[in-house]
Amino acid sequence: MRRQIPLALVFIFGVFMIFQYFVPHESSEWIYEFLLDWIYIIGIFALALGIWSLIRVSITKIKARKANWGYPIITLMGLFLMILFGFTGYRNGSLGFHFMTAEGLSNPMFRNFFDYILIPIQSTMFALLAFFIASAAYRAFRARNVLASLLLVAALVVMLRFNPYLGPIGPYVADAASWLLNVPNLAAKRAIIIGIGLGMVATALKIILGIERGYMGKG
Amino acid sequence: MKYKSLVILLFIFCAFTLSAAQEDAAPVDTMQVDSIPPPAPVSMLTAKDGENDHGHSITLRWELSADDGAGQNSVLSYDVFRWVPFFMDTLHSIRDSLDVAEGAVAEKLREQRDQAIAMIPQVHKSYPEQGEWRKIGTALSGQASFNDVGVKERESRDYMADHTDYYYRVDAVTADSTVRAASEVVGPVRSFGQLFNTGRIPVFVAVLVFGLLTIFFVVRAKKGAELYVRPLAGIEAVDDAIGRATEMGKPILYVLGLGTAADIGTIASFTILGRVAKRVAEYQTKLIVPCYDPIVMTVAQETVKAAFLDAGRPDDYYEDIVYFVTQSQFAYVAAVNGTMLRELPATNMYMGVFYAESLILAETGALAGSIQIAGTDQVAQLPFFIVACDYTLIGEELYAASAYLGREPILLGSLKAQDYAKAAVIILAALGLLAASLDWTAFINLFSVTS
Amino acid sequence: MNIFDRMMSLDRRWVFLFLAVVCVITYIVDFQIPIRVENEVKTVHEFIDTLKPDEIVFIAIDYDPNALAELHPMCYAVMEHCFRKNLKVIITALSQNGPGMAEQAIFDIADSVKMDREYNGVHYKGREIRNGIDYAFLGYKPYFQLVILGMGQNFRLPFPTDYYGTPLDSLPIMQGVQNYDQVSCVIAIEAGNIADAWIAYGQGRFYFPLALGLTGVMGADYYPYLNSGQVFGLMAGLYGAAQYEELADNPGLAKDGMRIQVYAHLVIIFFILIGNIGYFMSRSEKKRQGR
Amino acid sequence: MRRSTIIVMAVVFGLFILSWIFRSTSLASVQEHYIMGGLKVTFSAFLTLAILSFLYKDNPFYKFAEHLFVGISAAFWMSMGFWTTIVGNLIPRLSRSLSEFFQVPYQPGSYNFVYFIPVILGIMLLMRLSSKYGWFARWPLAFIVGTFAGLNFVRYLRSDFIEQVSATFVPLLVGWQGVGHFISNFSLSASGQFVAIVGNWVIFLGVICGIIYFFFSKEHKGAFGAASRVGIWILMITFGASFGYTVMGRISLLVGRITFLFRDWLNLIS
């Protein structure tokens with residue numbers, strides 16, 4: 001029972017969604033919209049589990065007093081402060097359980113934390129990619145064998161496509177780069193995508209039929 | 001001076017572009033527009049229920065006016081009109097009041113609105129009395145069709161009732177919008193929802209063929225047919241990597257990526273996680289699984305727990321093997337980066353759906369000296385994994401991995417089905433090539449999905 | 001460990017440091033790099049460069065702030081070139097947030113044109129750019145296809161007044177200007193599907209010379225129109241803008257951006273080469289020792 | 001704590017205060033809350049540098065920024081989820097009094113009762129925390145996995161299979177008007193007929209060879225092996241080219257941060 005009912009649910013909803021795709025009628029659309037709405041709502045309940053997990057792991061680390069045990073305190077402080085700002089605000093001069101008002105977010109600190117803590121860290125993490133793309137290129141682009149050489153040459157040609165110091169060969173490099181990006185690129189991506197499509201479809205089918213059930217626990 | 005026509009012309013154009021504020025501010029004193037002879041009207045106007053839809057739409061088609069792109073070449077656009085009963089204004093005024101109403105008044109108005117909506121088919125029967133022609137849209141010159149699309153939500157102002165008799169007319173309009181030619185009226189026509197989308201027949205055929213193919217090979221595999229699968233370096237590395245971690249006494253980091261439980265790539269990754277976790281439990285190595293999505297975390301916990309049970313070591317399982325970090329892309333990456341440099345895992349596995357963070361993770365992992373095995377179905381991230389990881393499962397290989405690791409005949413059977421589908425793709429592509437070269441459009445149209 | 005082994009296994013922090021230093025220096029220090037000019041940009045520049053004073057150029061600024069980084073430099077380069085050549089400019093903005101973009105460009109360029117400058121050896125005296133005389137900004141109207149079609153009849157149909165509410169007939173620049181027939185070319189700077197409308201409904205119907213300025217990713221999709229002659233020139237992304245700045249001898253935002261890009265790319269290529277030289281040399285060394 | 005650590009901390013703290021003071025004074029003429037404004041810019045810059053310091057090595061500043069980021073972002077998404085999904089979508093359909101409490105317009109409807117189902121499923125999910133009834137959590141998971149498996153099954157069959165296959169249907173001879181025409185108009189220019197024809201051949205053969213590379217149940221030997229090798233070559237060329245193409249965008253991101261540090265924070269350039 002503990003496994004059969006969930007597997008039956010997977011089958012029923014999976015098959016329903018397949019048929020729904022072919023039925024344009026209004027009632028089929030209504031059910032489709034309801035189902036998607038439900039998933040968002042269940043997601044929020046799951047988020048509560050997630051936050052609980054984060055808090056528990058942090059507290060375990062703090063209690064164990066292993067290396068770096070102090071940092072989870074910062075995580076928890078950030079978490080609770082932001083929750084406090086996110087769930088309270090002033091409206092008509094009184095503090096309460098508010099979020100949005102006509103003037104925007106009811107607690108300006110929520111916005112401040114977003115703009116001056118989340119955004120700078122986020123963009124800097126993203127910007128780290130500039131450095132990592134350089135170090136990855138240095139480390140991995142070695143002409144060790146045919147495959148590695150192809151990888152290396154294609155990357156070099158594309159990276160040189162607007163380089164002004166190439167003299168007369170410059171235009172040819174630019175043409176070669178755009179050919180690489182338009183022709184082999186298209187072919188390879190299409191081959192990969194067709195493969196992915198088949199793999200996904202097969203996996204989805206195995207899930208619906210209950211063949212692939214590794215994601216569902218035992219007992 | 002053709003004052004009048006120009007003023008009217010401007011007026012109509014402005015009304016159309018919704019800039020009421022500027023309508024009157026246009027004194028015209030220097031401009032001349034020559035008078036335009038009336039254009040030919042459109043012909044053969046037809047109206048039909050919109051195909052393959054949920055109803056609430058009518059498709060109009062016509063033959064272009066003789067003066068559109070030819071003849072006097074004076075037609076600039078087509079105005080589409082529908083006959084609208086005055087009763088619809090009553091309905092709109094109920095909607096208006098409802099917008100501002102509260103409490104019991106709103107309740108009452110909502111009831112009135114629903115009653116009014118129920119009467120829509122009936123009031124359209126009074127055509128051509130108690131109603132008037134109203135413009136519902138514009139088609140540009142050269143276009144010979146128009147879709148009158150409403151919505152199905154009764155709360156909306158754009159609600160268009162099904163099973164109602166509608167009447168249409170199309171005007172050919174010149175630059176001087178007073179100079180126009182009306183078509184014949186078409187109607188009555190009714191909209192309704194269809195039960196089967198014929199535009200999607202190719203998909204339906206593919207579903208049936210692929211489904212039957214898979215079931216056939218799975219059944220055959222169950223009966224015990226031997227199946228060959230070629231070796232995949234990335235898969236073989238998984239076993240070695242777990243062994244290496246055990247020898248070194250270091251943990252294994254398994255990253256499920258940014259996918260949600262909605263992504264098949266993530267679900268494939270659960271299966272791989274299950275296999276890895278089972279072996280980890282047998283070898284008694286430490287496993288770390290930080291998660292980005294809370295539902296993914298929940299499923300991953302179930303998976304790992306079941307794997308430990310399978311391996312006969314349920315007591316070694318604890319809930320925090322799989323833990324939630326945060327649902328923010330780069331915060332998750334920052335935390336996983338930190339984990340990599342502090343726990344120094346022997347092996348990092350990245351399986352599932354990844355975005356821009358792929359390279360940040362893989363480079364940090366390389367810095368920490370871990371063996372790295374990646375697999376993703378995100379084509380854009382494959383180059384970075386290929387460059388920065390030791391082994392990469394490319395696209396479809398990620399989905400095949402679970403079958404490879406498990407070596408269960410049923411799962412291998414479905415791989416065979418995938419291979420047959422690929423063979424079919426090659427044959428179809430070759431045929432399609434011929435078809436395209438020989439202008440054999442009938443074949444190409446077999447694959448066109450229209451809606 | 002000999003030098004080649006060391007070249008092969010540099011600490012990656014050297015790569016990081018080198019890249020950071022080069023980016024910061026090329027960012028702060030204002031120096032010029034040569035830009036290789038492609039033909040499709042040269043045709044645009046030449047077209048505008050050979051126009052006579054008081055001829056009219058129509059510039060469509062159809063992008064939103066999210067494409068600003070790529071398209072603003074292009075818009076600035078073209079507009080300044082027009083004003084320096086004493087051309088008159090009619091501007092529209094057919095995407096919703098376009099007017100903000102257009103105004104910002106107009107005001108910034110007006111400031112810049114006030115200064116005396118020398119481009120390609122020609123001295124240009126600073127001058128005041130006046131609304132209604134040197135340029136007209138018609139503003140935004142929805143339904144861009146209809147607006148483009150309507151302007152083919154008369155600019156006054158979609159735009160009875162300019163963006164600031166002045167009737168077009170009271171603007172000196174618009175005297176005798178009815179429709180596309182009186183403008184010498186249309187330069188459409190685009191971040192989306194309005195580009196298609198300019199080709200299909202504008203050039204396709206009224207046959208004016210059309211040049212496109214596009215974002216980098218859009219570029220490749222529009223080359224077929226260049227080959228078929230529907231557009232006479234095409235500028236794509238920051239690189240396209242940099243080429244225009246190079247031709248106009250007026251380095252600006254795009255060349256600044258390209259300077260950083262070119263050198264950052266060179267740093268990466270440099271490290272790839274170092275790695276490979278080290279790899280091949282140490283391999284041949286090992287072979288020799290092995291023998 | 002080691003002495004050197006304390007010195008570094010003290011220096012960073014000192015610089016932080018200095019930056020705060022300088023930024024505040026420079027903002028005093030433009031902003032009302034200039035002390036707060038100075039703190040905001042300084043703190044943003046501190047966090048930016050803390051993350052960048054990770055490139056040197058893992059250090060307390062990075063750890064601080066990382067842990068702060070995790071906590072705040074988790075709470076951010078939780079607040080957003082609660083207010084948009086629960087308050088914005090669920091409550092207006094379930095309860096009039098709760099809608100009034102949260103001041104959102106109540107939306108009565110005859111099918112609203114179905115919204116109790118996700119609430120029940122959500123509560124079942126929370127039962128995971130109980131060791132006895134934890135297995136109830138599989139119901140909502142089964143619902144989600146099943147729904148999306150069905151949804152993706154048809155959608156990917158269409159977008160990644162049928163549409164991609166039909167996209168390979170290209171003519172092998174582009175604009176063919178006979179051999180004479182082809183030879184007399186022969187050119188190697190990027191827009192010429194020859195290049196277009198070669199392009200279509202490469203696309204066709206590339207797709208076929210790429211697909212052959214992904215065959216699992218056939219040994220890659222002989223002609224089949226050769227095709228699969230060509231397949232992986234084309235994949236590698238593509239990966240190299242995509243890698244090279246991405247560099248430009250990534251450098252732009254770095255330029256964005258340099259702009260923040262040198263213009264918005266240090267005010268070195270205008």
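As the structure is a prediction and not an experimental result, all values here were calculated from the model. To find a chain, count down the sequence lines: A is the first, B the second, and so on, and within it residues start at 1.
- Scored by the ring-ring contact (aromatic ring centres under 6.0 Å, His included) test, B:F385 finds B:Y350, B:F354 as partners (sequence neighbours excluded).
- Both the backbone and the side chain of A:I133 come within less than 4.5 Å of a heavy atom of chain B.
- Of the atoms belonging to B:E397, not a single heavy atom falls under 4.5 Å from chain A.
- Heavy atoms closer than 4.5 Å to chain B are found nowhere in A:F45, neither backbone nor side chain.
- If you measure heavy-atom distances from B:I215 to chain A, the contacts under 4.5 Å come from the side chain alone.
- Residue pairs that meet the salt bridge (Lys or Arg N to Asp or Glu O under 4.0 Å) test with at least one member in residues 57-66 of chain A, sequence neighbours left out, do not exist here.
- Taken to the nearest 0.5 Å, the OG atom of A:S53 stands 6.0 Å off from the CG atom of B:D320.
- The local environment of NZ in B:K305 is sparse, with at most 12 non-hydrogen atoms from other residues, nucleotides or ligands closer than 6.0 Å.
- Between chain A and the residues B:V325, B:T298, B:L398, B:I394, the largest count of heavy-atom pairs under 4.5 Å involves B:V325.
- A:L151 touches chain B through its side chain: at least one heavy atom from C-beta onward sits under 4.5 Å away, while N, CA, C and O do not.
- Neither the backbone nor the side chain of A:S27 comes within less than 4.5 Å of any heavy atom of chain B.
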B:D419 and B:K416: salt bridge (Lys or Arg N to Asp or Glu O under 4.0 Å), yes or no, with the steps? CA-CA 5 Å; B:D419 277 1; B:K416 195 82 190 160; 5.7 Å; no
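- Distance check, rounded to the nearest 0.5 Å: CE of B:M297 to CG of A:L47 gives 9.5 Å.
- Atom OH of B:Y420 is surrounded by 12 or fewer heavy atoms from other residues, nucleotides or ligands within 6.0 Å.
- With hydrogens and angles ignored, the 3.5 Å screen pairs no side-chain donor or acceptor of B:Y399 with any backbone N or O of B:D377.
- With a 4.5 Å cut-off on non-hydrogen atoms, B:F384 touches chain A through its side chain but not through its backbone.
- Interface residue B:R342: only side-chain heavy atoms are found under 4.5 Å from chain A.
- Both the backbone and the side chain of B:I360 come within contact range of chain A, with heavy atoms under 4.5 Å apart.
- In this structure, no portion of B:A417 lies under 4.5 Å from any heavy atom of chain A.
- Looking at B:L382, the atoms closer than 4.5 Å to chain A (heavy atoms on both sides) all sit in the side chain, from C-beta outward.
- For A:L205, the part lying under 4.5 angstrom from a heavy atom of chain B is the side chain only.
- Proximity to chain B is absent for every atom of A:L118, based on heavy atoms less than 4.5 angstrom apart.
- For B:V425, the part sitting under 4.5 Å from any heavy atom of chain A is the side chain, from C-beta outward, and nothing else.
- Under the side chain to side chain donor-acceptor pair (under 3.5 Å) criterion, B:Y317 pairs with B:E319, sequence neighbours left out.
- For a residue to count as touching a neighbouring chain, one of its non-hydrogen atoms must lie under 4.5 Å from one of that chain's; by this rule A:L49 touches chain B with backbone and side chain alike.
- Against chain A, the residues from residues 193-203 of chain B that qualify, each with a non-hydrogen atom under 4.5 angstrom away, are B:G193, B:Q194, B:L195, B:F196, B:N197, B:R200, B:V203 in number order.
- A pairwise comparison of heavy atoms in A:F13 and A:L35 identifies CE2-CD2, 3.9 Å as the closest pair.
- Contacts of B:V207 with chain A are made by side-chain atoms alone, with heavy-atom separations under 4.5 Å and no backbone atom involved.
- A cation-pi arrangement is present between A:R142 and A:Y138, with the terminal nitrogen or guanidinium carbon under 6.0 Å from the aromatic centre and inside a 45° cone about the axis.
- For CZ of A:F19, the number of neighbouring non-hydrogen atoms (other residues, nucleotides, ligands) closer than 6.0 Å is 12 at most.
- Here the CG-CG distance, from B:N337 to B:L361, works out to 6.0 Å after rounding to the nearest 0.5 Å.
- Within the 4.5 angstrom heavy-atom criterion, only side-chain atoms of B:S402, from C-beta onward, approach chain A.
- Between chain A and the residues B:G274, B:P383, B:A356, the most heavy-atom pairs under 4.5 angstrom are made by B:A356.
- If you measure heavy-atom distances from A:Q20 to chain B, you find no contacts under 4.5 Å at all.
- Closest non-hydrogen pair, B:T266 versus B:G259, comes out as OG1-CA, 3.4 Å.
- Atom OH of residue A:Y21 and atom OH of residue A:Y32 lie 10.0 Å apart, to the nearest 0.5 angstrom.
- Ranked by heavy-atom pairs under 4.5 Å with chain A, the first of B:Q327, B:Q418, B:R275, B:K152 is B:K152.
- With 3.5 Å as the limit, one finds a donor-acceptor pair spanning the side chains of B:E363 and A:S135.
- Residue B:D293: no heavy atom, backbone or side chain, is found under 4.5 Å from chain A.
- Taken from SG in B:C291 to OH in B:Y332, the straight-line distance is 6.0 Å, to the nearest 0.5 Å.
- Using a 4.5 Å cut-off between heavy atoms, B:D162 touches chain A through its side chain atoms alone.
- Only the backbone of B:N52 comes within less than 4.5 Å of a heavy atom of chain A; no side-chain atom from C-beta onward does.
- Around OH of A:Y40, the count of heavy atoms belonging to other residues, nucleotides or ligands within 6.0 Å does not exceed 12.
- Comparing A:T75, A:I18, A:V201, A:L209 by heavy-atom pairs within less than 4.5 Å of chain B, the highest count is held by A:V201.
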